[in-house]
Novice: 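Below is a structure I'd like to ask you about.
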Amino acid sequence: MEPRFITRDALHLVGFSFYGDPFRLSPGWTEENEIGRLWVRFAAYAEQRRDQLADLVVNPRIAYEVHIYNEETMTTGLFEVFVGAELAKGAQPSLDTLVKVLPAVQYAVFTLRGEEIVGDWPLAIYQEWLPQSAYEMAHHFHIQYHDGSFKGFDRLSESSLDVYVPVKLRS
Amino acid sequence: MSAHFKALETAVSFIETHLQDDITIGDIAAAAAYSLYHFCRIFNQSAHHPPYDYLMRRRLSAAAEQLNQDDTRIIDLAFTYQFGSPESFSRAFRRMFGVLPSQWRQQGTCDPRVLMKPLSHGHLVQRNHSDFQRPTPVRKDEFSVAGLMTVVGQEGETAVSHLQRRFNQYPSHNLVTIRHYPDFWAEQGKPVLAGVLSETAALPFVLQTIPAHTYACFALPAVAEERPFLSDYIYQTWLPQSQYKLAAPFELEQARQLFIPIKPDL
């Protein structure tokens, strides 16, 4: 699993957030777990504002799922999941949404294909690729970049998904 | 699924040997050779518990057993099982068992059904059958059962089967078994009534009337050996995660289904 590298400015996302164990209700790749619920909320929000969406977000066809770990995550398994889109410059998000600012950083971008998407890719990235690379984690989050290449869990063989991992050269 | 089971059994075994150590979910995931993210998903999927919830319940159950076995001070138990302070131990203990550790010790006895057991291969198999279904609440009006009653110990299901066979000549949907769980059942056995739906009872039969209740209805496993795993699932996993609590201390078995009387946990 070899990444490509890109550097991005700070990313302002508008969307919805969950903190906890997102698989508590349902661990499957369904809308019934908390990640699925976030996507449902976000899709409904985007649909309701279809006419204004072009002014609110940079690209309505691109969405981000961000998993953010904190000091507690390794102890308890609880973490934050944020689902949203990139906020357009100067746009005013509504009160029922949250804005998440991800720092400017270099990312290692891994493209997952087919069954890899539902496999243990974090293990492959963090415990296999990262220790052997010249890099270390820059921040404790990663992004799943949804640009339409992911066709759904019922069409995994036709799907791909980019995972962005913030990295810096090992000091 | 078997690869997952093997990893989860490794994780459960790791937890058992480190109940008193300062371990993290990250450590457990590493022992199972999974990433934290994937481990949380797989553990929830197969065990029906978030891993941290399972770790806490195992620690509290081990501490609860020790409370009734020796005189270790509660403050020492709190630190031994990694709760950081007696206050957080007591809070977690009361959340799981409904009483404070001191009250638990004072009672000196407990309902073993509420103690979280280490998940075994059998537990994982029972929770991952293709036909596994979470229960839905059903309402039953008051009814009466005429039958024979006995008191059986924890290993007494053979005696129950023997009682049930006495009523084999009746239509199977009319056969009912009621297992009672009074406070003393773990020490003195549980009263069990096996019989048929009836308004009257002639000697030597006894008549028991069960008031109207809402029940959680579970399909009984086809294999009798899997029944304890269903019981563990109900009392240690499903009930604590549901919005219900027990409405009465009995279970009803009828037409290959197990009915647990429940009421909303307000």
Side-chain angles (χ1 to χ4, degrees), chain A residues 1 18-38 65-82 110 112 115-131 137 140-144 153 161 163-165, chain B residues 1 3-8 10-11 14-15 18 21-59 81-84 88 92 124 127-128 130 132-134 237-238 240-243:
Chain A
M1 191 178 257
F18 167 82
Y19 181 78
D21 183 332
F23 309 118
R24 187 184 181 106
L25 289 177
S26 171
W29 297 94
T30 70
E31 290 175 355
E32 287 155 27
N33 69 39
E34 296 294 351
I35 298 176
R37 286 181 171 193
L38 280 181
E65 178 180 315
V66 190
H67 293 196
I68 304 157
Y69 289 10
N70 62 21
E71 296 84 359
E72 204 188 32
T73 300
M74 290 311 276
T75 304
T76 61
L78 310 182
F79 59 97
E80 181 181 355
V81 183
F82 186 94
F110 298 85
L112 310 174
E115 287 293 326
E116 284 179 342
I117 296 169
V118 292
D120 195 356
W121 50 263
L123 186 81
I125 293 173
Y126 293 108
Q127 284 159 49
E128 291 167 14
W129 175 79
L130 194 60
M137 288 171 71
H140 290 277
F141 72 86
H142 61 247
I143 300 170
Q144 295 175 34
F153 294 107
L161 178 68
V163 174
Y164 287 48
V165 177
Chain B
M1 191 58 78
H4 290 337
F5 278 11
K6 208 165 179 185
L8 289 189
T10 304
F14 181 83
I15 289 170
H18 293 88
D21 299 329
D22 183 18
I23 56 164
T24 68
I25 301 305
D27 296 331
I28 303 167
Y34 281 139
S35 70
L36 179 82
Y37 172 73
H38 205 63
F39 177 71
C40 289
R41 180 186 287 273
I42 297 300
F43 199 92
N44 270 286
Q45 184 178 46
S46 302
H48 297 218
H49 277 275
Y52 189 65
D53 177 69
Y54 174 77
L55 173 64
M56 289 295 107
R57 287 180 179 280
R58 277 299 302 135
R59 282 176 169 162
Y81 287 98
Q82 300 297 322
F83 283 90
S88 61
L124 294 174
R127 287 161 199 227
N128 291 276
S130 55
F132 178 88
Q133 282 186 332
R134 291 176 196 274
T237 299
W238 177 77
Q241 293 177 14
S242 76
Q243 294 162 345

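Note that the coordinates shown come from a computational prediction; the quantities given were computed from them, not determined experimentally. Residue numbers start from 1 in every chain, and the chains themselves are labelled A, B, ... in the order their sequence lines are given, proteins ahead of strands.
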Novice: Please give me the minimum heavy-atom distance between Pro50(B) and Gln241(B), naming the atom from each residue.
Specialist: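 The answer is CD-NE2, 4.3 Å.
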
Novice: Please identify, among Leu78(A), Thr75(A), Asp120(A), Thr73(A), the residue contributing the most non-hydrogen atom pairs under 4.5 Å to chain B.
Specialist: Asp120(A)

Novice: Does any non-hydrogen side-chain atom of Trp129(A) lie less than 4.5 Å from one of Val165(A)?
Specialist: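 Side chain of Val165(A) against side chain of Trp129(A), heavy atoms only: no contact under 4.5 Å found.
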
Novice: Is any side-chain heavy atom of Ser35(B) less than 4.5 Å from a side-chain heavy atom of Tyr126(A)?
Specialist: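 Answer no - side chains too far apart.
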
Novice: Looking only at heavy atoms, which of residues 23-31 of chain B get nearer than 4.5 Å to chain A?
Specialist: Thr24(B), Ile25(B), Gly26(B)

Novice: Please tell me if the side chains of Arg57(B) and Pro240(B) come closer than 4.5 Å, counting only heavy atoms from C-beta onward.
Specialist: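 Touching, per the 4.5 Å side-chain cut-off.
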
Novice: Side chains of Glu72(A) and Tyr52(B): any donor to acceptor distance under 3.5 Å?
Specialist: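 No.
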
Novice: For residues Leu123(A) and Tyr37(B), determine if any side-chain heavy atom of one lies less than 4.5 Å from a side-chain heavy atom of the other.
Specialist: no

